[in-house]
Amino acid sequence: MSGLFDDQALADLDPTPDEGPPPEPEDAHGADPEGIPDDLFAGTFAEPRAAEEDAYYRNGARKPLTDPAALLDGLNEQQRAAVTHSGGPLLIVAGAGSGKTRVLTHRIAHLLSARGAHPGQILAITFTNKAAGEMRERVAELVGPRAQAMWVMTFHSACVRILRRESRQLGFTSSFSIYDAADSKRLMALVCRDLELDPKRFPPKSFSAKVSNLKNELIDPEDFAGQATDGFEKTLSEAYTMYQARLREANALDFDDIIMTTVHLLQAFPDVAEHYRRRFRHLLVDEYQDTNIAQYTLIRELVGEPGGAVEPAELCVVGDADQSIYAFRGATIRNILQFEQDFPQAATLLLEQNYRSTQTILSAANAVIARNEDRRPKHLWTNSGGGARITGYVADTEHDEAQFVADEIDRLTDAGDARPGEVAIFYRTNAQSRIFEEVFIRVGLPYKVVGGVRFYERREVRDVLAYLRVLANPEDTVPLRRILNVPKRGIGDRAEAMIEALALRERISFAQALRRVDEAYGMAARSANAVRRFNVLLEELRTVVESGAGPATVLEAVLERTGYLAELQSSTDPQDETRVENLQELAAVALEFEQERANAEDESPGTLADFLERVALVADSDEIPDEEDEGGVITLMTLHTAKGLEFPVVFLTGMEDGVFPHMRSLGKTKELEEERRLAYVGITRARQRLYVTRSVLRSAWGQPQHNPPSRFLEEVPEEFMDWRRTGPTVRAPEPKAPVVARRGGAPAGGFATGRKPDRPVVSLAPGDRVTHDTFGMGRVVAVQGEGDRAEASIDFGGEKPKRLLLRYAPVEKL
DNA sequence: TAGAGTGAATTTTTT
DNA sequence: ATTCACTCTA
């Protein structure tokens, strides 16, 4: 990414920079908006710009528009209204493919030109870092590089910026660590162990999720302690309190804390809130349907109330309730549905013309989403013509499904109908990507998997980052314990337990206890020596950091002095070769970061904490492939990742009940509706061609499973479908029976397939006792649905009852 | 303490 | 199927 758009450039325009000597207390949150240096990129829209800008254009960048009116060229009436609306809160209900990104960027450009806003007054919140980068770049294309002074970022990045700047108010240092989901889970596991909770009854994983939900609803440990009623909640409350205390002790915030704490900060310190209200006069939020309570409250705090010391900022939110797919992590569709009530003067504009897909694809999507209850109907339309019908394919196995996809892509590329870079393959869960990879490698198709096992989640990367984290924040327990014996240095479980006991006894942190090994009882001399050596190692590394070395240098020192790299290099395990490569890549990332900072002509080379923040919040090492030379590569990703993207050719794979919709949503209407919205998102990503495929047989848990067709398939009207194959023509297990294409006539998904014809659906009632082939004896708790759709919740003595689709579950009544 | 060997659980989706 | 956690032995 161009250095002109990097974080440092943003920081340069901030009233109070992140780094440098701490300001005097009265300056704690910097100058007022008047303090935004208005000599920087000063001037009106068409005026000549500063020398920095000349350099920018010499690098080949497009010249900005010279006339604000030109921003409206090529926009339809609704879009223009959305771009130019002024005066009050604005909700833009943007249907799929309605050009919402364009409208947002043009609106920002409009604010900066026709409305005379200063870029420093704009805060635009996007869902992903990638979207932020693109938006910044596109606005710069329209109005020039002064766009770099805007805050365009995710909720989390914005909050971290605010928190770092205001950390003194909250009594923690600005170099706090950021805990990702894995760290949180680990910490919660430690807490549960210390509370001696039975992991069967109180699984740390579910506690972790519940705490996350509480934070998303802004319920802090004290609030929750007050409202916990039953024994379970009391225990949860205890764990939450301790978890939060441990985070504090480690000077760390988890993902949910980042938002919650920012909200608390703004609520507790009115002058801080006022500062940001004065500063951000324009607040824009994309993907508003995916905001949760904490984010919603944050927006309200930043906008301010009418009649307050500062006029409320101008708020513009964009979203589509039909594309809300993150309820599982706390998003509330309520926020977008109630916008007009929340912000009484609000105007609502609808973008209903679709510029992306053919009418066929659009109609199919509309038919599917129409099945959801309680939604405001939309009238998406397009004038781009009917287009081809949707191709359906029923494979015998998931391998055949992948093979069909590969063959079809081959056919399309040979015929010149599409290039690999124009094709995307979507699936419900990451695990489904593997089979496609195998087949694509074999047939030699270029592809890229987006998401999945991410770079920063690999073991070796996390190990090395753990060292950096400990160096940046010595009190940070979770990474400290991770590296204590990595690479192996003779500090085992027992030694660790002794240190922990010392920490508990002396009421000090684990990190401090480690430094006071000599006081630990019962530690073998050998172990104690190992710990001392470890302390010395950390001390050495710390001197490297204190000598002012940048992240890349520190990283190199870690790799060398810990022996981590040496251990991998001398290993015979071929996997370790990849690990070394990954670490080299990490080193490259660090170096790039360092240079980026150096170029930003700021004294600070970028601290370790900055680097770690970037790593925690911008885990973007696998990017969505650009349409590069030579036709590009096929993109593989989950449906969630696909949000906001579009492709000429889309394969929607694994269209099976139990896969998509996912097993765990089957009994629950709400979750099923979310799955349906996910299907809607998937369908509407396609511009010209859409394929839907499923497999009759799919192995999961190493066991073959029969899956019925996804209910979403049946929701697509038959007239839009072109079934290339509807299932095995012969039930006999001959390998590769010749395929006879049956067109048109068969019902969606081909009912002729995949069912054990002879097994009647067991009829059950609550209270019945049953046996299950794998789960054993159980008792029926509840039954839903009838006939083929019947599902039962059955208690097999596990933590919670299992939900089984009776048509397929191997259950027998006793 | 480390490594081998066994058994259980894993599969939503992500900032 | 694969991975992770736990137990047992050297």
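Treat the numbers as computed from the prediction; the structure is a model and nothing was measured. The sequence lines fix the lettering, A, B, ..., with proteins before strands; numbering per chain opens at 1.
Stacking annotation: A/Phe127 is not stacked on the base of B/dT15 (requires ring centroids less than 5.5 angstrom apart and an interplanar angle below 30 degrees).
Atom P of nucleotide B/dT13 and atom CG of A/Asn213 are separated by 17 Å, given to the nearest angstrom. Atom P of nucleotide B/dT13 and atom CZ of A/Phe328 are separated by 8 Å, given to the nearest angstrom. In this structure, the CE atom of A/Met663 is 14 Å from the P atom of B/dT10, given to the nearest Å. One atom, OH of A/Tyr326, and another, P of B/dT13, lie 10 Å apart when rounded to the nearest Å. One interatomic measurement links the two molecules: CG of A/Asp183 to P of B/dT15, which rounds to 15 Å at whole-angstrom precision. Here the C1' atom of nucleotide C/dA5 and the NZ atom of A/Lys205 are 14 Å apart, to the nearest Å. Rounded to whole Å, atom P of B/dT14 lies 21 Å from atom NZ of A/Lys215. B/dT13 atom P lies 11 Å from atom CG of A/Leu639, rounded to whole Å.
At the heavy-atom level, A/Ala495 lies under 4.0 Å from the strands shown only through sugar-phosphate atoms.
Taking the six-membered ring for Trp and the full ring otherwise, A/Phe328 and A/His640 have centroids separated by under 6.0 Å. Taking the six-membered ring where the residue is Trp, the centroids of A/Phe660 and A/Phe712 are separated by under 6.0 Å. Taking the six-membered ring wherever Trp is involved, the centroid distance between the rings of A/Phe127 and A/Tyr326 falls below 6.0 Å.
In terms of phosphate contacts, A/Thr638 brings a side-chain nitrogen or oxygen within less than 4.0 Å of OP1 or OP2 of B/dT14. Here A/Asn216 does not reach the OP1 or OP2 of B/dT15: none of its side-chain N or O atoms lies under 4.0 Å away. Phosphate proximity of B/dT1 to A/Ser527: present, with a side-chain N or O under 4.0 Å from OP1 or OP2. In this model, the phosphate group of B/dT13 is approached by a side-chain N or O of A/Asn430 to a distance below 4.0 Å at OP1 or OP2. Between A/Thr641 and the phosphate of B/dT14, there is a side-chain N or O to OP1/OP2 separation shorter than 4.0 Å.
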Protein-nucleic acid N or O pairs under 3.5 Å, nucleotides 2-7 of chain B:
{"unit_1": "B/dA2", "atom_1": "OP1", "unit_2": "A/Gly490", "atom_2": "N", "d": "3.1"}
{"unit_1": "B/dA2", "atom_1": "OP2", "unit_2": "A/Asn485", "atom_2": "ND2", "d": "3.2"}

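With B/dT11, B/dT13, B/dT1 as the choices, the nucleotide that has an atom nearest any side-chain atom of A/His662 turns out to be B/dT11. Here B/dT15 is the nucleotide among C/dT2, B/dT1, B/dT15 with the atom lying nearest to any side-chain atom of A/His156.
Between A/Val160 and A/Ser157, every side-chain heavy-atom pair lies at or beyond the 4.5 Å cut-off. Counting only heavy atoms from C-beta outward, the side chains of A/Arg481 and A/Thr477 approach each other to under 4.5 Å. Using a 4.5 Å heavy-atom cutoff, the side chains of A/Phe255 and A/Ser212 are not in contact. The shortest side-chain heavy-atom distance between A/Trp151 and A/Phe280 falls under the 4.5 Å cut-off.
Between A/Thr128 and A/Glu675, it is A/Glu675 whose nearest contact on DNA chain B lies nearer the 5' terminus.
No side-chain donor-acceptor contact under 3.5 Å links A/Ser665 to the backbone of A/Pro661. A/Asn335 places a side-chain N or O within donor-acceptor distance of the main-chain N or O of A/Thr291, the cut-off being under 3.5 Å.
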> So what does the secondary structure string of DNA chain C come out as, 5' to 3', with Watson-Crick or wobble pairs under 3.5 angstrom, [ ] for crossing and | for pairs with another strand?
Replying inline: ||||||||||
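Partners of A/Arg532 by salt bridge (charged side-chain N to carboxylate O under 4.0 Å, His left out), not counting sequence neighbours, listed by chain and number: A/Asp518.
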